[in-house]
Novice: 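The following block contains the structure, expressed as structure tokens.
Numbers restart at 1 for each chain; the letters A, B, ... are given by sequence-line order, proteins then strands.
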Protein chains: 2
Amino acid sequence: MMAKPNLHTVAAHAGVSIATVSKVVNGVRYGISEATLEKVLASVRELGYRPNRSGRGLRTLRRSIIGMAIVDPSPTFLADPFTTNLVAGLSNYLSEQGFGLLLHGIKPRQVEASFLVRESVVDGLCLLLSGSAQFRLQNTRLFSALSHPMVVFQDRAADGIPDTCFVNQDDTGGARELAERALTRKPRTALIVIPDIFWPAIELRLEAFWQTLKAAGVATKIVRCDESDPVAIARAIGDSIERSGMPDVILGANDKIAIVALHLLKERGVQVPEEVAVTGFNAFASNAYAGLDLTTARSPAYEMGELGGKLLLERLESGAFESRERTLPVQLIPGATA
Amino acid sequence: MMAKPNLHTVAAHAGVSIATVSKVVNGVRYGISEATLEKVLASVRELGYRPNRSGRGLRTLRRSIIGMAIVDPSPTFLADPFTTNLVAGLSNYLSEQGFGLLLHGIKPRQVEASFLVRESVVDGLCLLLSGSAQFRLQNTRLFSALSHPMVVFQDRAADGIPDTCFVNQDDTGGARELAERALTRKPRTALIVIPDIFWPAIELRLEAFWQTLKAAGVATKIVRCDESDPVAIARAIGDSIERSGMPDVILGANDKIAIVALHLLKERGVQVPEEVAVTGFNAFASNAYAGLDLTTARSPAYEMGELGGKLLLERLESGAFESRERTLPVQLIPGATA
DNA sequence: CTGAAAGCGCTTACAG
DNA sequence: CTGAAAGCGCTTACAG
């Protein structure tokens with residue numbers, strides 16, 4: 001097997017200098033004669049030359065790589081459809097622009113040891129954090145100290161984090177719309193079911209649910225559960241019903257919770273939405289397979305990923321983010337359950 | 001803002017040579033005095049020095065980056081739980097070893113234009129391809145021409161693809177077990193429902209279903225459908241029932257299909273598994289939320305990702321793959337539907 | 001135990 | 001229109 005061709009190999013083969021080959025390969029077309037262009041292109045093809053990004057990166061101090069750090073305790077950090085769609089949108093946008101996406105799931109305790117933190121590998125950083133507000137802020141600061149331009153997804157814009165844009169979905173607006181839809185059924189009592197782990201999006205949804213229902217004079221209870229376990233979700237809802245009676249409406253903080261609620265109600269022979277209305281949040285395509293027509297809100301996760309990539313590359317180009325924060329609308333999906 | 005510190009900055013600060021700093025940073029501990037070590041470490045900390053991977057990569061001709069190319073027509077190429085789990089396993093393994101994962105979804109027509117193909121960015125390549133056998137082989141050859149060590153997931157080992165290991169799950173074994181389980185219900189007729197897109201795994205499952213049922217003398221029909229659309233799946237199954245009557249067992253090529261079948265049967269008031277047994281394939285956690293107790297098989301996707309990463313790094317170390325092909329077992333998940 | 005020096009592959013400002 | 005040369009940040013074989 002021959003050694004990998006480099007600029008020198010190609011230059012020798014084409015009978016020109018490496019500077020000329022470099023220009024041709026980089027699409028610099030002025031100051032290159034037609035004949036030279038042809039010659040070089042032919043050599044590139046014949047030798048199967050591929051520019052080495054380390055060389056270019058060293059010279060230009062640009063690597064054309066964006067890091068995506070997902071801090072999550074679960075090994076299957078990609079399992080959540082929100083994350084999946086976000087990463088897909090980001091990855092596709094970056095690919096189109098010739099940038100690579102370095103995907104890095106990090107356990108909460110291992111952030112400092114991560115090579116993304118310890119070494120200089122990327123031109124910019126995207127962050128998706130879980131955990132308490134304090135823990136997230138602490139990690140945001142840690143990454144911020146690396147002085148890369150950053151896009152932080154689904155978190156509140158914080159002070160003292162320079163060169164960063166916060167990209168969010170409008171959880172508040174979406175939750176308000178869902179609560180308002182539920183209100184058309186004239187409920188007197190409501191149950192809000194949220195996960196017991198901290199998540200800024202969940203806090204916003206809870207707040208919007210709560211305020212909207214309160215303003216309408218609905219007696220509202222809140223119950224927390226381990227959303228990673230359907231049995232735990234069902235138990236939490238069941239316990240609440242036992243204690244406080246059957247609510248007129250159940251607002252799930254996400255679709256997983258709503259789906260479990262739906263099954264629990266069906267088992268008990270409760271009519272949805274006539275007796276109890278149910279709503280979810282963050283609709284993704286998979287619901288359709290379960291034959292559910294859940295009233296929910298569609299997350300713009302994919303578009304958020306695309307936007308984050310766009311903002312980061314524009315920032316790399318221009319030297320500064322245009323805005324500190326961007327929020328994408330959440331779309332109400334009217335279904336048959338509320 | 002100060003410029004990024006490099007080896008020279010640190011060396012000057014610590015009053016040593018860059019060679020010494022390099023050794024310290026890389027954990028070379030022999031031939032370094034305790035005093036020097038301390039001094040350098042302090043300077044590294046104080047200046048916030050992070051080694052630049054482009055520099056190291058250029059020098060060592062190693063980049064510590066593995067590429068994962070997923071050739072898929074859909075923009076949400078990550079949506080499938082198999083893919084998600086595979087990528088998570090791969091990513092986690094590589095991270096632990098200090099390697100980065102460059103994730104790259106590629107549309108079938110754009111493979112040749114991809115920067116993963118046109119430029120030299122990675123030390124090794126993982127491939128997950130969709131499309132016909134011919135198309136997959138063509139792309140495998142294309143990537144193979146890049147002369148990176150490769151791990152190809154979910155595809156038949158092909159000739160003329162050097163320096164490559166094929167990592168598969170045992171679709172044949174899993175499908176046989178599922179079919180055998182269905183046979184305990186003594187069916188006379190069976191319906192196999194598969195997607196209309198080409199996928200090596202689907203072909204293997206179909207073949208194993210077919211052979212197992214045939215050997216038992218079961219009259220078996222096959223129907224294809226657009227698995228991306230639950231309505232299309234339901235229509236395909238409904239049409240088949242119309243034409244050929246209700247089968248005693250429905251074998252879905254995957255869980256999505258089985259779940260739609262389950263809902264269709266429930267709507268028609270058919271008892272599962274008493275009247276019709278149903279099986280799926282590639283169980284992932286999300287089924288539990290739908291309150292389904294589907295008889296299916298669990299995919300070792302996460303473990304396949306880990307194994308792929310492990311094989312690739314071992315290959316980088318040793319210079320050659322130990323084996324040409326690896327197959328991971330699929331686990332039968334006995335449920336209530338068959 | 002320590003450092004000077006070569007060189008990995010590339011881009012770019014400059015001279016011709 | 002073309003090329004010689006400097007230098008990006010790093011590692012390593014070698015000399016001292």
Novice: Over all strands shown, is A:Leu61 touching base, sugar-phosphate only, or nothing at heavy-atom distances under 4.0 angstrom?
Specialist: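 Answer is sugar-phosphate: A:Leu61 comes under 4.0 Å of backbone atoms only.
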Novice: Rounded to the Å, how far apart are B:Asn6 CG and D:dG7 P?
Specialist: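 It works out to 14 Å between those atoms.
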Novice: With sequence neighbours excluded, what pairs up with B:Glu314 under the side chain to side chain donor-acceptor pair (under 3.5 Å) test?
Specialist: B:Lys310
Novice: Name all stems that contain residues of DNA chain C, defined as runs of 3 or more consecutive Watson-Crick or G-U wobble pairs, both distances under 3.5 Å.
Specialist: C:1-3 with D:14-16, C:5-12 with D:5-12, C:14-16 with D:1-3
Novice: Mind checking whether A:Val122 and A:Ile66 have side chains closer than 4.5 Å, heavy atoms only?
Specialist: no
Novice: To the nearest Å, how far apart are B:Asn26 CG and D:dG9 C1'?
Specialist: 12 Å
Novice: In whole angstrom, what separates B:Arg62's CZ from D:dT11's C1'?
Specialist: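 About 14 Å, once rounded to whole Å.
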Novice: Within this structure, what is the CZ-to-P distance between A:Arg56 and C:dC8, rounded to whole angstrom?
Specialist: 19 Å
Novice: In whole angstrom, what separates B:Arg53's CZ from D:dC10's P?
Specialist: 13 Å
Novice: Are there over 12 heavy-atom neighbours, none belonging to B:Arg324, within less than 6.0 Å of that residue's CZ?
Specialist: yes
Novice: Report yes if the side chains of A:Asn52 and A:Asn6 come closer than 4.5 Å at any heavy-atom pair, otherwise no.
Specialist: no
Novice: Grab the N/O contacts between the protein and nucleotides 2-6 of chain C below 3.5 Å, and write none if there aren't any.
Specialist:
| residue | atom | partner | partner atom | Å |
| --- | --- | --- | --- | --- |
| C:dT2 | OP1 | B:Ser33 | OG | 3.3 |
| C:dT2 | OP1 | B:Thr36 | OG1 | 2.5 |
| C:dT2 | OP2 | B:Ser33 | N | 3.0 |
| C:dT2 | OP2 | B:Ser33 | OG | 3.4 |
| C:dT2 | OP2 | B:Thr36 | OG1 | 3.0 |
| C:dG3 | OP2 | B:Ser17 | N | 2.9 |
| C:dG3 | OP2 | B:Ser17 | OG | 3.4 |
| C:dG3 | OP2 | B:Thr20 | OG1 | 3.0 |
| C:dG3 | O6 | B:Lys23 | NZ | 3.2 |

Novice: Nearest 0.5 Å, please: how far is CZ in B:Phe143 from CD1 in B:Ile106?
Specialist: 4.0 Å
Novice: Quick one: does B:Val121's side chain get under 4.5 Å of B:Leu102's, heavy atoms only?
Specialist: yes
Novice: In terms of side-chain geometry, is the basic nitrogen of B:Asp123 or B:Arg63 positioned less than 4.0 Å from the acidic oxygen of its partner?
Specialist: yes
